[in-house]
Amino acid sequence: MASSAQSGGSSGGPAVPTVQRGIVKMVLSGCAIIVRGQPRGGPPPERQINLSNIRAGNLARRAAATQPDAKDTPDEPWAFPAREFLRKKLIGKEVCFTIENKTPQGREYGMIYLGKDTNGENIAESLVAEGLATRREGMRANNPEQNRLSECEEQAKAAKKGMWSEGNGSHTIRDLKYTIENPRHFVDSHHQKPVNAIIEHVRDGSVVRALLLPDYYLVTVMLSGIKCPTFRREADGSETPEPFAAEAKFFTESRLLQRDVQIILESCHNQNILGTILHPNGNITELLLKEGFARCVDWSIAVYTRGAEKLRAAERFAKERRLRIWRDYVAPTANLDQKDKQFVAKVMQVLNADAIVVKLNSGDYKTIHLSSIRPPRLEGENTQDKNKKLRPLYDIPYMFEAREFLRKKLIGKKVNVTVDYIRPASPATETVPAFSERTCATVTTGGINIAEALVSKGLATVIRYRQDDDQRSSHYDELLAAEARAIKNGKGLHSKKEVPIHRVADISGDTQKAKQFLPFLQRAGRSEAVVEYVFSGSRLKLYLPKETCLITFLLAGIECPRGARNLPGLVQEGEPFSEEATLFTKELVLQREVEVEVESMDKAGNFIGWLHIDGANLSVLLVEHALSKVHFTAERSSYYKSLLSAEEAAKQKKEKVWAHYEEQPVEEVMPVLEEKERSASYKPVFVTEITDDLHFYVQDVETGTQLEKLMENMRNDIASHPPVEGSYAPRRGEFCIAKFVDGEWYRARVEKVESPAKVHVFYIDYGNREVLPSTRLGTLPPAFSTRVLPAQATEYAFAFIQVPQDDDARTDAVDSVVRDIQNTQCLLNVEHLSSGCPHVTLQFADSKGDVGLGLVKEGLVMVEVRKEKQFQKVITEYLNAQESAKSARLNLWRYGDFRADDADEFGYSR
């Protein structure tokens with residue numbers, strides 16, 4: 001234990017008691033103390049010493065919980081002042097002592113002196129002199145020590161000190177309170193002001209028993225925000241210490257036990273109080289962490305009033321040095337280089353409410369997940385209609401708000417990324433899908449922690465971890481505090497208000513809905529949009545916030561390299577620079593706010609037009625960067641000059657799509673002298689429908705007002721005398737009225753009756769077809785029959801071209817025509833008659849450009865060579881255009897001239 005010394009004396013005299021030394025650990029009462037030795041590789045030994053020849057009052061004792069009939073024992077008069085006298089004089093001080101008597105039960109009695117030898121203050125005499133103890137009854141003064149005690153007692157009596165003063169000493173008896181009826185109210189009533197206290201017992205490194213002054217509440221205090229290793233109680237009643245439990249307990253004991261401290265009462269847990277103990281020499285909570293005796297705990301760190309970041313920093317200090325409980329610690333990012341732990345990157349895409357894609361300085365892309373937060377999710381199993389496809393962004397409450405918050409805050413911005421941990425890949429289970437490896441990090445911009453901002457708005461929640469799980473955000477406590485604020489203020493996910501619903505119509509690929517919507521977008525001019533997805537350099541998915549709908553949008557005026565396509569049985573490789581074009585468009589516009597001008601739509605229901613980002617035209621930018629070529633349809637556009645100048649500049653640089661560009665003279669075919677003049681009498685028409693076999697329907701512009709008037713009168717008549725639903729029995733070839741998807745009635749002809757629920761009709765004034773139930777059909781009033789006004793939709797086919805028989809090639813040609821002329825006014829000239837319908841040439845109304853010739857120029861169709869002499873000049877022009885397309889390897893010609901050996905396979909003949 002402590003060092004011991006033998007006092008000097010003659011060998012023949014009586015034995016002198018051995019003088020031993022130690023440090024006072026605890027004062028048990030006015031006449032008993034516990035002394036300890038110096039620590040050597042662990043907690044030191046200790047022993048209890050009782051003062052000889054004197055008696056002090058007994059302190060209060062609480063009744064044992066196992067004895068229900070027993071009662072609490074109060075303090076004896078002057079017992080507590082005696083204990084306090086010794087506590088203030090001895091705790092933590094070095095004393096020497098001699099053992100004079102030892103009972104059979106092992107109880108030791110002796111003399112205690114303050115200091116290193118017996119010349120110091122005699123503690124028993126000091127107690128008696130202060131009237132805080134008495135000589136034991138029946139003791140005779142037969143030696144110098146006993147004589148001095150007798151003298152001290154007489155002096156105390158004369159001076160009326162302590163127990164010899166007037167009165168019965170009842171004022172020295174404490175009113176001890178072992179329980180608190182309302183701990184929460186008790187804690188709140190102190191308003192986090194320091195309370196004076198004495199630490200009476202240390203259970204383990206982070207749990208103590210404290211006597212709160214001046215009201216004598218005896219309470220258990222758990223240190224807020226930390227937990228030390230504990231002593232596990234076994235079935236037999238014994239205790240087994242966890243690693244470093246004894247060392248942590250000694251660390252706290254040696255600094256706090258029976259010291260005067262101040263405690264900030266911060267919260268409560270059952271009857272236990274959470275608090276911070278303040279000592280003049282420092283904060284024990286932070287010291288325990290720094291020395292590796294404790295770890296931070298999430299459930300109580302939030303109430304720590306002196307800043308959770310201080311506790312985390314202290315814990316981090318011990319982890320980095322692998323002190324004590326952290327001796328085997330490995331940091332979550334230990335295997336990462338410093339440049340991979342912290343870096344600056346540009347945000348390119350927000351994947352959902354907890355993940356973003358960033359572009360590193362190296363040019364590489366990296367997906368970053370925000371540490372320790374969980375995005376909004378569907379609660380319960382029956383919240384989603386089983387027959388409806390889930391669209392997480394719009395169907396999960398607050399997911400859209402969370403995504404929009406991140407998008408507006410981050411897209412295109414530089415952010416600071418600090419990697420907190422790498423979550424390894426996990427295989428799929430019955431309830432959880434597989435996850436690839438995730439890089440989880442804290443992302444900040446302008447000093448704002450994005451995850452914390454998201455949580456504080458109630459747009460994400462904080463993940464709870466096992467206490468030993470170190471894979472968490474480096475700002476985890478701020479996240480918990482932000483969540484607590486969001487819950488308190490009822491923000492977002494924690495709101496009691498009705499959940500916001502986003503009814504977003506996805507009309508991409510829905511031709512009927514797109515047709516209805518087209519006039520609105522055309523009239524709107526420039527509309528605001530957000531780019532939701534980039535399919536290729538010129539094909540995008542847009543969200544129109546004003547109209548709350550999603551559309552597929554194709555860039556007008558350009559021809560962008562086609563990307564790879566997965567076809568049944570094979571993968572079609574993409575054209576050169578298709579990936580570069582897609583990446584260029586992604587980096588420029590993905591998830592950005594843009595403006596679009598819709599001009600037309602194609603056969604598949606995709607809208608075609610111009611897209612502007614920060615005042616720049618994306619079509620022009622793609623051409624400028626040699627990632628697209630100008631399409632002949634741009635001739636009608638006000639952006640044509642900009643596109644041409646951009647293309648010329650790109651050609652001169654000979655980069656990317658123009659890398660092999662060489663100006664080549666076009667071979668001219670000698671014209672054949674015409675014997676008969678070709679008749680060219682163009683009339684204005686309005687193109688209303690394009691069919692899948694490249695035929696089209698037009699209305700005569702001259703009779704357009706008559707049709708409008710007839711439709712208006714017919715609808716007024718129907719409104720006055722609506723048809724009775726189900727009363728009409730459709731018959732093939734019969735004229736009728738049909739209700740279109742826009743809710744309006746039109747003239748139609750029944751083409752086929754499969755069943756009352758499936759009637760095929762042809763809209764005679766517009767050329768489109770539809771399958772309807774008979775309930776949406778009615779009898780055509782005689783006043784609006786074809787005798788009054790003939791059917792206004794007339795079918796025509798293009799002259800001088802061959803319609804591709806290959807499905808993909810024909811679709812490309814049809815899409816191009818739909819894009820260029822559907823719902824527009826053109827000029828039509830009948831060239832020759834055929835068994836099916838008249839074959840015509842069609843011109844754009846403004847530029848007078850030949851639509852069929854444009855298709856040949858683009859390599860979308862081949863020329864149909866006719867032998868009539870009046871057509872030879874036109875045929876020559878078409879053949880020259882075909883040679884140009886072949887030289888440029890456009891579309892049909894991308895693999896060269898295929899006609900020699902496999903024309904039949906492609907459905908062509910020379």
Side-chain angles (χ1 to χ4, degrees), residues 507-515 518 535-536 538-539 551-560 562 565 567 572 598-609 631-634 636 685-699 762-763 766-770 793-826 828 834 836-844 849-864 878 881-882 885 890-894 906-908:
I507 62 175
S508 54
D510 190 328
T511 311
Q512 296 297 340
K513 285 185 180 178
K515 278 183 181 177
L518 178 62
F535 299 102
S536 68
S538 60
R539 184 185 179 91
I551 65 171
T552 302
F553 189 81
L554 308 179
L555 295 180
I558 61 169
E559 183 189 3
C560 208
R562 289 191 182 197
R565 288 197 295 175
L567 301 174
Q572 186 175 322
V598 174
E599 287 193 342
S600 59
M601 60 171 274
D602 66 12
K603 188 72 176 173
N606 303 315
F607 294 97
I608 303 159
H631 193 265
F632 75 93
T633 52
R636 310 193 306 277
V685 295
F686 190 80
V687 182
T688 58
E689 180 71 9
I690 315 291
T691 68
D692 290 337
D693 56 1
L694 210 56
H695 286 205
F696 53 91
Y697 287 85
V698 302
Q699 295 172 347
F762 171 76
Y763 291 96
Y766 294 90
N768 54 315
R769 288 175 167 82
E770 196 178 23
T794 309
E795 184 180 8
Y796 293 103
F798 284 101
F800 313 130
I801 66 169
Q802 294 183 51
V803 178
Q805 293 179 19
D806 174 72
D807 290 342
D808 287 344
R810 186 168 63 252
T811 300
D812 290 343
V814 171
D815 283 350
S816 178
V817 174
V818 170
R819 196 165 50 233
D820 296 337
I821 66 170
Q822 184 157 348
N823 295 327
T824 63
Q825 187 171 315
C826 294
L828 179 145
S834 180
C837 61
H839 283 54
V840 300
T841 50
L842 211 56
Q843 291 182 352
F844 297 112
D850 188 327
V851 177
L853 182 61
L855 293 172
V856 175
K857 282 181 179 178
E858 288 301 303
L860 291 167
V861 297
M862 287 172 53
V863 179
E864 179 192 37
Y878 272 51
Q882 182 169 282
L890 298 177
N891 293 305
L892 292 173
W893 311 105
R894 67 172 68 93
F906 283 85
Y908 292 95

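Along the sequence shown, the residues carry numbers beginning at 1.
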Q.
A side-chain contact here means heavy atoms from C-beta on lying under 4.5 Å apart; do Y796 and V698 qualify?
A. yes

Q. Taking C-beta and beyond as the side chain, do L860 and L892 meet within less than 4.5 Å on heavy atoms?
A.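 Contact flag for L860/L892 side chains = no.
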
Q. Taking only residues two or more places apart in sequence, or in another chain, which ones meet N768 in a side-chain contact (heavy atoms from CB on, under 4.5 Å)?
A.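 For N768, the residues satisfying side-chain contact (heavy atoms from CB on, under 4.5 Å) (neighbours in sequence not counted) are K515, E689, F740, Y763, Y766.
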
Q) Who passes side-chain contact (heavy atoms from CB on, under 4.5 Å) against L890, sequence neighbours left out? A) E559, A885, A888

Q: State whether the side chain of Q882 and the backbone N or O of V863 hold a donor-acceptor pair below 3.5 Å, judged by distance alone.
A: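 Yes, Q882 side chain to V863 backbone: donor-acceptor pair under 3.5 Å.
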
With sequence neighbours excluded, tell me which residues meet side-chain hydrogen bond (donor to acceptor under 3.5 Å, both in side chains) with [X].
X    : answer
D602 : N606
S508 : D506
H695 : E795
Q699 : none

Starting at [atom1] of [X], measure out to [atom2] of [Y] and round the result to the nearest 0.5 Å.
X    : Y    : atom1 : atom2 : answer
L555 : H631 : CG    : NE2   : 13.0 Å
Q512 : I507 : CD    : CD1   : 12.0 Å
E599 : L554 : CD    : CG    : 12.0 Å
M601 : F607 : CE    : CZ    : 6.0 Å

Q) Between I690 and Q822, what is the shortest heavy-atom contact and its length? A) CG1-OE1, 3.6 Å

Q: For A797 and C837, work out which heavy atoms get closest and say how close.
A: N-SG, 3.7 Å

I'd like a table of donor-acceptor pairs (distance under 3.5 Å, sequence neighbours excluded) in which one partner is a side-chain atom from residues 849-859, with atom names and distances.
from : atom 1 : to   : atom 2 : distance (Å)
D850 : OD1    : G852 : N      : 2.9
D850 : OD1    : L853 : N      : 3.2
D850 : OD1    : Y878 : OH     : 3.2
D850 : OD2    : Y878 : OH     : 2.9

Q: State which residues pass ring pair (Phe, Tyr, Trp, His ring centres under 6.0 Å) with F696; sequence neighbours excluded, sorted by chain then number.
A: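 Ring pair (Phe, Tyr, Trp, His ring centres under 6.0 Å) check on F696 returns F798.
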
(Q) Just to verify, what does F762 make a ring pair (Phe, Tyr, Trp, His ring centres under 6.0 Å) with, not counting sequence neighbours? (A)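 For F762, the residues satisfying ring pair (Phe, Tyr, Trp, His ring centres under 6.0 Å) (neighbours in sequence not counted) are Y697.
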
Anything under 3.5 Å between a donor and an acceptor, one on a side chain of residues 810-821, the other on a protein residue two or more places apart or in another chain? List them.
from : atom 1 : to   : atom 2 : distance (Å)
R810 : NE     : D692 : O      : 3.4
R810 : NH1    : P804 : O      : 3.1
R810 : NH1    : Q805 : O      : 3.0
R810 : NH2    : D807 : OD1    : 3.0
T811 : OG1    : D807 : O      : 2.8
D812 : OD1    : R562 : NH2    : 3.3
D812 : OD2    : R562 : NH1    : 3.2
D812 : OD2    : R562 : NH2    : 2.6

Q: With side-chain contact (heavy atoms from CB on, under 4.5 Å) as the test, would you mind laying out the steps for V687 and L828 before giving the verdict?
A: CA-CA 10 Å; V687 182; L828 179 145; over 6 Å; no

Q: Tell me, with the steps shown, if R539 and T552 meet side-chain contact (heavy atoms from CB on, under 4.5 Å).
A: CA-CA 7 Å; R539 184 185 179 91; T552 302; 4.0 Å; yes

Q: Sequence neighbours left out, what pairs pass ring pair (Phe, Tyr, Trp, His ring centres under 6.0 Å) with at least one residue falling in residues 806-825?
A: none

